[in-house]
Amino acid sequence: GRANAADIELTAYGLLAVLRAKDLVKSAWLARWLSAQRNSRGGFGSTQDTVVGLQALSELAAVMSSAEQKLTVTLESGAAAKYRRSLEVTTSNSDVLQLVHDVPVPGNLTVKATGTGYALLSAEVFYNMPAGDAAPTYEMSAECSLEPYRTGLSAICQFCTAVAADAEPETVDGMSLLEVTIPSGFEGDVDALRQATADHELVKRVESSDRRLVLYLDEVPRTKLCVTAHLRQVRRVSNVQAVAMRTVNYYRPSVASALLYDVATVESCREAHVAHCPVVSSLDDRRSRATALQCSVTVAGMLVAALAAILLV
């Protein structure tokens, strides 16, 4: 597997340092290791290590391209006897990415280079594996209660996360993100969330973007960490669907767990001024929603009957 983001970032800084010292031998060795950590899209594990890593590789490329380049790189595959591809790397095209898509697999790939210069080659192999029943890395829960609000309903939600008991410590250490998607028709009160978490030692930052609340956590503890968020209804949306909350390791984005939570928007509760709207948890309790609907219909029926009696009088 690939190295973690912290190791990639440190190695990139090391490459920048040896480039300043004009040590091209060590630079080439570090660049080879860094390139092996890149994903198929050219980046690394996280935003920070990608920025530093690409800066280091770019500076190395600038140094190498200043020298004369005249290389012939030949690819041969053991999976096909007649497969052979040649790439020409010259001073004029040394900064151009050359791609080869039709390499047969499985089999050994042999790379030969002749001439003068420097080139960096990387290979990506894609394959499918059956999804396993792996235990979640993080244990999460969400519970929302609804109450009347001047523009609609207000959902007061408690979002909790914790490291699972059997999670490997090296995969969950360090900064993590708690991302909460906001249901359709609602908006998050980010100022209230910042105020509520201002004194929390593990919550370092709170942001709101693209219908999401994002909390930057110094780490996810083994014991439950809970935050309370206020979601205000700004427009009526029928049949609001469940949305996701997610905990993800900042430096290892592949280490993540997700959970769907639901907010029942029972309009009649607000219109009838019911004191306590139903509580809807992440288990998607449809019976609570049905009970609330029955309750609202009964209240509406009573109001109609009372109005008819007044008109008759």
| query | Is a donor on one side and an acceptor on the other found under 3.5 Å between the side chain of Gln37 and the backbone of Ile8? | reply | no
| message | Less than 4.5 Å apart, side chain to side chain, heavy atoms only: is that true for Tyr216 and Leu177? | response | yes
| task | Check step by step if side chain to side chain contact (heavy atoms under 4.5 Å, CB included) holds for Leu202 and Glu219. | result | CA-CA 6 Å; Leu202 293 180; Glu219 64 176 356; 3.9 Å; yes
| said: Counting C-beta onward and ignoring hydrogens, is there a side-chain heavy-atom pair between Val63 and Leu24 closer than 4.5 Å? | reply: yes
| said: Would the distance check show the side chain of Tyr138 and the main-chain N or O of Ala258 forming a donor-acceptor pair, the cut-off being under 3.5 Å? | reply: no
| If you draw a 6.0 Å radius around CG in Asp102, do more than 12 non-hydrogen atoms from other residues or ligands fall strictly inside? | yes
Under 3.5 Å, which donor-acceptor pairs do the side chains of residues 153-163 form with other protein atoms, sequence neighbours left out?
{"residue": "Ser154", "atom": "OG", "partner": "Arg232", "partner atom": "NH1", "Å": "2.7"}
{"residue": "Thr161", "atom": "OG1", "partner": "Thr247", "partner atom": "OG1", "Å": "2.9"}

| What are the two closest heavy atoms between Thr74 and Ser86, and how far apart are they? | OG1-OG, 3.7 Å
| said: Testing the basics here: between Val180 and Tyr261, what is the closest heavy-atom pair and its distance to 0.1 Å? | reply: CG1-OH, 3.6 Å
| Backbone of Thr137 reached by a side-chain donor or acceptor of Ser257 within 3.5 Å | yes
| request: Would you give the length of the straight line joining atom CE of Met140 to atom SG of Cys226, rounded to the nearest 0.5 angstrom? | output: 12.5 Å
| Rounded distance [0.5 Å steps], CG in Leu57 versus CG in Leu30 | 10.0 Å
| Donor-acceptor under 3.5 Å (Asp189 side chain, Ala229 main chain) | no
| query | At what distance, to the nearest 0.5 angstrom, does CG of Leu60 lie from CD of Gln55? | reply | 12.5 Å
| request: Please check if Val220 and Leu225 belong to a single hydrophobic cluster, counting links between Ile, Leu, Val, Met, Phe, Trp and Tyr side chain heavy atoms closer than 4.5 Å. | output: yes
| request: Please check if atom CH2 in Trp33 has more than 12 non-hydrogen atoms from other residues, nucleotides or ligands closer than 6.0 Å. | output: yes
| request: May I ask you to test the Val206-Thr197 pair for a side-chain heavy-atom distance under 4.5 Å? | output: yes
| said: Between Val103 and Leu109, does the side chain to side chain contact (heavy atoms under 4.5 Å, CB included) criterion hold? Intermediate values first, please. | reply: CA-CA 8 Å; Val103 180; Leu109 179 64; 4.0 Å; yes
| So, are Arg205 and Glu207 salt-bridged, with charged N and O less than 4.0 Å apart? | yes
| remark: Closest non-hydrogen contact found for Arg212 with Ile182 is N-CD1, 4.2 Å
| message | Donor-acceptor check, side chain of Ser176 to backbone of Tyr250, threshold 3.5 angstrom: yes or no? | response | no
| field | Residue pair Leu178, Val214: steps toward the side chain to side chain contact (heavy atoms under 4.5 Å, CB included) verdict | value | CA-CA 6 Å; Leu178 176 59; Val214 182; over 6 Å; no
| message | In this structure, would Val243 and Val227 fall into the same cluster of hydrophobic residues linked by side-chain contacts under 4.5 Å? | response | yes
| Taking atom CE of Met175 and atom CG of Asp218, what is their separation to the nearest 0.5 Å? | 6.5 Å
| query | Can you get from Leu54 to Leu121 by hopping between Ile, Leu, Val, Met, Phe, Trp and Tyr side chains that sit under 4.5 Å apart? | reply | no
| request: Please determine, by modelled atom types, if Gln69 and Ser94 share a side-chain donor-acceptor pair under 3.5 angstrom. | output: no
| query | In Å and rounded to the nearest 0.5 Å, what is the OH to CG distance from Tyr83 to Leu75? | reply | 6.0 Å
| field | Minimal non-hydrogen separation, Ala119 against Val89, with atom names | value | CB-CG2, 4.5 Å
| request: Give the cluster check for Tyr118 versus Leu87: same hydrophobic cluster or not, with ILVMFWY residues linked at side-chain heavy-atom distances below 4.5 Å. | output: no
| Under 6.0 Å from the CZ atom of Arg32, do we count more than 12 heavy atoms belonging to anything else shown? | no
| said: Looking at Glu179, is its backbone amide N or carbonyl O close enough to the side chain of Arg246 to form a donor-acceptor pair, meaning the two atoms are under 3.5 Å apart? | reply: no
| said: So does Pro221 get a backbone contact from the side chain of Lys224, meaning a donor-acceptor N/O pair under 3.5 Å? | reply: no
| note | CD (Glu9) and CG (Leu34) are apart, to the nearest 0.5 Å, by 11.5 Å
| More than 12 heavy atoms of other groups within 6.0 Å of Gln195 CD | no
| Around atom CZ of Arg211, are there more than 12 heavy atoms of other residues, nucleotides or ligands at under 6.0 Å? | yes
For residues 10-23, please give each side-chain donor-acceptor pair under 3.5 Å, one per line with the distance, not counting sequence neighbours.
{"residue": "Thr11", "atom": "OG1", "partner": "Asp7", "partner atom": "O", "Å": "2.8"}
{"residue": "Arg20", "atom": "NH1", "partner": "Glu59", "partner atom": "OE1", "Å": "2.7"}
{"residue": "Asp23", "atom": "OD1", "partner": "Val25", "partner atom": "N", "Å": "3.3"}
{"residue": "Asp23", "atom": "OD1", "partner": "Lys26", "partner atom": "N", "Å": "3.2"}

